[in-house]
Amino acid sequence: MADQFRIDHFQFKDRDAYERAVKEKKIVQAMREKFRFSDVEVAKKVYVKAVEEQVFSTVVGYEFLLELRKSILSSGKAPEKEMPAIPVQGGGEERTAASAPNAGNTSVQRYKRLYEGQKILNKRMKFVLFIAILIVAAFVVIDVSSEYTVFTYFTDYKAKMEEELIDKYEGWEKELKAREDALNQGQ
């Protein structure tokens with residue numbers, strides 16, 4: 001029973017931690033088969049991505065990351081300043097199901113959703129900006145083609161009203177004179 005939750009030289013207290021470690025061991029094996037870690041640049045890219053996305057959460061994964069880190073630093077092709085530290089989350093097996101190995105993936109998924117939402121918002125904002133520019137252009141065209149512009153509306157309008165009022169009074173005056181002359185001739 002003591003060897004029930006054992007992987008390599010690590011003994012786990014509970015089944016959840018053990019199962020996470022088994023998954024991480026499979027991930028490590030798949031990475032070793034897929035990537036050529038003798039190439040320092042490949043090793044560095046894999047290391048940085050695994051650290052940023054927090055792919056590993058058990059000692060099995062941490063051991064792999066430490067091994068990668070040591071081989072990269074020993075090659076001398078990457079200074080230690082460029083290598084991010086290995087993030088240890090919650091002391092290994094004391095982690096809860098909410099912070100399981102897929103927690104890094106949910107963070108990535110969250111950022112992907114935010115990115116997609118921002119792309120949609122940007123498209124909408126471009127459309128709104130286009131409509132606003134069309135409206136402003138329409139106002140400019142209307143303003144240029146009309147008798148009164150925004151800048152001359154009040155000054156020209158006032159002058160025109162005064163001229164119309166004067167013309168109206170002159171018309172009344174002529175009409176009154178014509179009636180008066182008609183009355184004077186009729187007498």
Colleague: For the NZ atom of Lys177 and the CG atom of Asn184, what is their distance to the nearest 0.5 Å?
Modeller: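 Answer rounded to 0.5 Å: 11.0 Å.
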Colleague: Tell me the side chain to side chain donor-acceptor pair (under 3.5 Å) pairs involving residues 30-43, sequence neighbours left out?
Modeller: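 Every pair satisfying side chain to side chain donor-acceptor pair (under 3.5 Å) with a residue in residues 30-43: Arg32-Glu67.
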Colleague: Below 4.5 Å, heavy atoms only, C-beta onward: do Phe127 and Ile131 meet side chain to side chain?
Modeller: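 Side chain of Phe127 against side chain of Ile131, heavy atoms only: contact under 4.5 Å found.
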Colleague: Which heavy atom of Leu73 sits nearest a heavy atom of Glu80, and at what distance?
Modeller: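 In terms of heavy atoms, the two residues are closest at CD2-CA, 3.7 Å.
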Colleague: Which atom pairs, donor and acceptor, lie under 3.5 Å between side-chain atoms of residues 168-176 and protein residues at least two apart or in another chain?
Modeller:
| from | atom 1 | to | atom 2 | distance (Å) |
| --- | --- | --- | --- | --- |
| Glu175 | OE2 | Arg179 | NH2 | 3.1 |

Colleague: Answer with yes or no whether the hydrophobic clustering places Leu134 together with Leu129; edges join I, L, V, M, F, W, Y residues whose side-chain heavy atoms lie under 4.5 Å apart.
Modeller: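 Cluster IDs for Leu134 and Leu129 differ.
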Colleague: Specify the closest pair of heavy atoms between Gln54 and Pro87, including all atoms of both residues, with the distance to one decimal.
Modeller: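 Heavy-atom minimum between the residues: CG-CG, 4.0 Å.
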Colleague: Would you call Gln118 and Leu121 a side-chain contact if the rule is heavy atoms closer than 4.5 Å?
Modeller: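 Yes, their side chains come closer than 4.5 Å.
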Colleague: Would you compute the distance between atom CD of Glu163 and atom CE of Met161 and round it to the nearest 0.5 angstrom?
Modeller: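 Going from the CD atom of Glu163 to the CE atom of Met161 covers 12.0 Å.
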Colleague: Hydrophobic side-chain clustering at under 4.5 Å (ILVMFWY, transitive links): who's grouped with Val141? Put none if nobody.
Modeller: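 Besides Val141, the cluster holds no residue at all.
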Colleague: Under the criterion side-chain hydrogen bond (donor to acceptor under 3.5 Å, both in side chains), which of Lys23, Lys25, Glu24, Glu63 is the partner of Thr58?
Modeller: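 Going through Lys23, Lys25, Glu24, Glu63 one by one, the side-chain hydrogen bond (donor to acceptor under 3.5 Å, both in side chains) with Thr58 is satisfied by Glu24 alone.
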Colleague: Step by step, work out the side-chain contact (heavy atoms from CB on, under 4.5 Å) result for Lys44 and Met83.
Modeller: CA-CA 8 Å; Lys44 182 179 175 186; Met83 301 295 293; 4.2 Å; yes
Colleague: Are side-chain heavy atoms of Phe64 and Met31 found at a separation under 4.5 Å?
Modeller: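 When only atoms from C-beta onward are counted, Met31 and Phe64 do touch, with a gap below 4.5 Å.
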Colleague: Remaining members of Ile166's ILVMFWY cluster at a side-chain heavy-atom cut-off under 4.5 Å?
Modeller: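 Ile166 clusters with nothing; isolated.
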Colleague: Ignoring hydrogens and geometry beyond distance, is a side-chain donor-acceptor pair present between Gln185 and Asp181 at under 3.5 Å?
Modeller: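 Short answer, no.
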Colleague: Keeping to residues at least two apart or across chains, list the ring pair (Phe, Tyr, Trp, His ring centres under 6.0 Å) pairs with something in residues 17-36.
Modeller: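 Of all non-adjacent pairs touching residues 17-36, those that pass ring pair (Phe, Tyr, Trp, His ring centres under 6.0 Å) are Phe5-Tyr18.
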Colleague: Listing request: all side chain to side chain donor-acceptor pair (under 3.5 Å) pairs with a residue in residues 123-140, at least two apart in sequence or in separate chains.
Modeller: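 Counting only pairs at least two positions apart or across chains, no side chain to side chain donor-acceptor pair (under 3.5 Å) contact touches residues 123-140.
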Colleague: What pair of heavy atoms forms the shortest contact from Leu66 to Ile86, and how long is it?
Modeller: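 That closest heavy-atom pairing would be N-CD1, 3.6 Å.
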Colleague: Compute the centroid of each ring, for Phe37 and then for Tyr47, and state whether the two points are separated by less than 6.0 Å.
Modeller: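 No, too far apart.
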Colleague: Between Ala21 and Val60, which heavy-atom pair has the shortest distance, and what is it?
Modeller: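 Here Ala21 and Val60 meet closest at CB-CG2, 3.9 Å.
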